[in-house]
There are 2 protein chains.
Amino acid sequence: MLDGVSKRKTREEILELSVPLFGRFGYDGVSMRNIAGAVGLTPAALYYHFSDKQQLYLDVVACEFRKKTTVLAGSIEGTESAWARLENFVEDFARLLAKDKNFLRLLQWVLLDSDETRQHELAKQVFTELFAAVYHLAEELDADRDAHQLAISIIGLVMFTYQAGTARQFMPGYRTQQNQPDAVARHVCDLLRTGLGSHP
Amino acid sequence: MLDGVSKRKTREEILELSVPLFGRFGYDGVSMRNIAGAVGLTPAALYYHFSDKQQLYLDVVACEFRKKTTVLAGSIEGTESAWARLENFVEDFARLLAKDKNFLRLLQWVLLDSDETRQHELAKQVFTELFAAVYHLAEELDADRDAHQLAISIIGLVMFTYQAGTARQFMPGYRTQQNQPDAVARHVCDLLRTGLGSHP
DNA sequence: GTCTATATAAGGATAGAC
DNA sequence: GTCTATCCTTATATAGAC
């Protein structure tokens, strides 16, 4: 087990098994002991693979986002009309958030990070690609509107639905069906298309 | 200092000075020592006013939300048209989030709470009034749409703008002016009114 | 009401054996 | 590569003096 292959394999296992922990409890809510326990190692072994807790966390988040957002950025591109690509993106984004709670929560943790430098580093590394794709789509969709604000609105409409997911259950008018990605996507796209009060 | 008045006064001081701490660092990121230091007491003194850390946190959040959301719920009511009340609410909400970072962050912490029971308790106590008001407004605004989804969308459009605030700075098209409450409110209301691509 | 002192557990991190 | 053992710091919480 002294070879580089095993080293890489264990490293990736640590990263993978840390995702649900950091996703659920956040940086301060997870200890090196917790992670070691989940992986089946002693805390000391973690320090062979990562210099310290913060580096482990950064690698976990960066790795998870690289895996999940490249798919999304792909769904925005293509030769179809801007509207068709918007619908693709909104649907894929909703599907991802509905399926992968850890991804959604890691995203929220990054937005709440108390360490400004760390947040900036992560935000740049993690959001930029996705945001830029939505931004360009927003420019195409409505040249007269502020593309930055519009991109935020598109992302926010989808994200907030799932972000409020657990709290929404106690609010009036809640139905489980509202959590289904296609229902969310339909609502969001419909709202963006026609606005309020003037649809068939 | 043995009288009940002083007791209440110190208690309120603890609650008030805890807001920025819990707002910035979250439940796990704040220690009783931190709070005691901020108030100018020893940690032991805190246990005279609160049974434990969790109770202190719950009281901080509940107290802060009661103070800030009653104003908002007021801005939704009135005799004006549904649209006028929507504009009032969106503007007041944006103003609150822009001004009071701690309130926004406490809200996010509640949505991320890893303790389900605690989250449910807080969510019910803290969101219900505001959500119900927006929900009823949503029913008036567009009877054909799902009022729950619409209420979430209205709240989400405003909230996500500020939630992404610190990360947005590194994204294309960012301008500080986009953080101003009236600019946010204008964008949101305009988007809700006409949707994309069909405005003057 | 607040303090000092302390019990007890848990945290990050390292040294050195294997 | 991973372990055992350990150091040092920090955490929540309590007991009892003042």
Side-chain angles (χ1 to χ4, degrees), chain A residues 1-61 63 109 112-115 117-118 121-122, chain B residues 1-61 63 109 113-115 117-118 122:
Chain A
M1 298 252 193
L2 286 152
D3 55 305
V5 176
S6 264
K7 170 170 177 180
R8 210 176 315 123
K9 194 161 159 286
T10 304
R11 200 190 125 90
E12 274 157 29
E13 209 179 331
I14 296 170
L15 289 176
E16 214 168 299
L17 294 170
S18 297
V19 170
L21 288 175
F22 283 125
R24 180 143 166 64
F25 302 105
Y27 183 78
D28 289 320
V30 176
S31 69
M32 296 299 267
R33 286 174 158 84
N34 295 149
I35 295 170
V39 185
L41 293 173
T42 57
L46 299 176
Y47 289 89
Y48 175 79
H49 298 278
F50 304 91
S51 60
D52 56 18
K53 185 188 173 184
Q54 165 138 323
Q55 193 56 56
L56 196 160
Y57 173 72
L58 291 174
D59 287 358
V60 166
V61 176
C63 177
W109 286 117
L112 264 175
D113 202 319
S114 57
D115 183 325
T117 320
R118 186 172 61 188
E121 202 55 45
L122 279 173
Chain B
M1 297 251 193
L2 287 154
D3 56 304
V5 176
S6 264
K7 171 170 178 179
R8 209 176 316 125
K9 194 163 160 286
T10 304
R11 200 190 124 91
E12 275 158 28
E13 209 179 332
I14 295 170
L15 288 175
E16 213 168 299
L17 294 170
S18 297
V19 169
L21 287 175
F22 282 125
R24 180 143 166 60
F25 302 105
Y27 183 78
D28 289 321
V30 176
S31 69
M32 295 300 265
R33 283 171 154 82
N34 295 149
I35 296 170
V39 185
L41 293 172
T42 58
L46 299 176
Y47 290 89
Y48 174 80
H49 299 278
F50 303 91
S51 61
D52 55 18
K53 185 188 173 185
Q54 166 138 326
Q55 193 56 55
L56 170 54
Y57 173 73
L58 291 174
D59 288 356
V60 166
V61 176
C63 176
W109 286 115
D113 202 319
S114 56
D115 183 325
T117 320
R118 186 172 63 187
L122 279 173

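Computed from a predicted structure; not experimentally measured.
The distance between atom CG of B/Leu46 and atom C1' of C/dC3, rounded to the nearest whole Å, is 13 Å. If you measure from atom CD1 of B/Ile35 to atom P of D/dT10, you get 17 Å, rounded to the nearest angstrom. Taking atom CD1 of B/Ile14 as the reference point, atom P of C/dT2 lies 7 Å away to the nearest angstrom. Computed from coordinates, the B/Glu13 CD to C/dT2 C1' distance equals 14 Å when rounded to whole Å. Atom-to-atom, CG of A/Asp52 to P of C/dT14 comes out at 8 Å; the value is rounded to the nearest Å. Following rounding to the nearest Å, B/Met32 (CE) and C/dA7 (P) show an atom-to-atom distance of 20 Å. Rounded to a whole Å, the CD atom of A/Gln55 is 15 Å from the C1' atom of C/dA13. Taking atom CD of residue A/Gln54 and atom P of nucleotide C/dG11, one finds them 18 Å apart after rounding to whole Å.
Across all strands shown, B/Val39 has no heavy atoms under 4.0 Å from either base or sugar-phosphate atoms.
Side-chain nitrogen and oxygen atoms of A/Thr42 include none within less than 4.0 Å of the OP1 or OP2 phosphate oxygen of D/dT4. One finds a side-chain N or O of B/Ser31 lying less than 4.0 angstrom from the OP1 or OP2 phosphate oxygen of D/dA11.
Nearest-nucleotide positions on DNA chain D place A/Pro43 closer to the 5' end than the other of A/Pro43 and A/Arg33. Where B/Lys53 and A/Gly40 meet DNA chain D, the nucleotide closest to each residue was compared, and A/Gly40 sits on the side nearer the 5' end.
In the set C/dC3, D/dT12, D/dC3, the nucleotide with an atom closest to the side chain of B/Leu41 is C/dC3. Closest to the A/Ala44 side chain, of the nucleotides D/dA5, C/dG12, D/dT2, is D/dA5. Comparing atom distances between the A/Tyr47 side chain and each of C/dT4, C/dT14, D/dT2 picks out C/dT14 as nearest. The B/Asn34 side chain lies nearest to D/dA11 when the options are D/dT2, C/dG11, D/dA11.
Formation of a donor-acceptor pair under 3.5 Å by the B/Asn34 side chain with backbone atoms of B/Ser31 is found in this model. Between the side chain of A/Lys53 and the backbone N or O of A/Tyr27 there is at least one donor-acceptor pair closer than 3.5 Å.
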**Request:** Show the numbers, then the answer: is there a side-chain contact (heavy atoms from CB on, under 4.5 Å) between A/Val61 and A/Phe22?
**Result:** CA-CA 9 Å; A/Val61 176; A/Phe22 283 125; 6.0 Å; no
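Atom CD of B/Glu16 has 12 or fewer neighbouring heavy atoms from other residues, nucleotides or ligands inside a 6.0 Å radius.
The shortest heavy-atom contact between A/Leu21 and A/Ile35 is CD1-CA, 3.8 Å.
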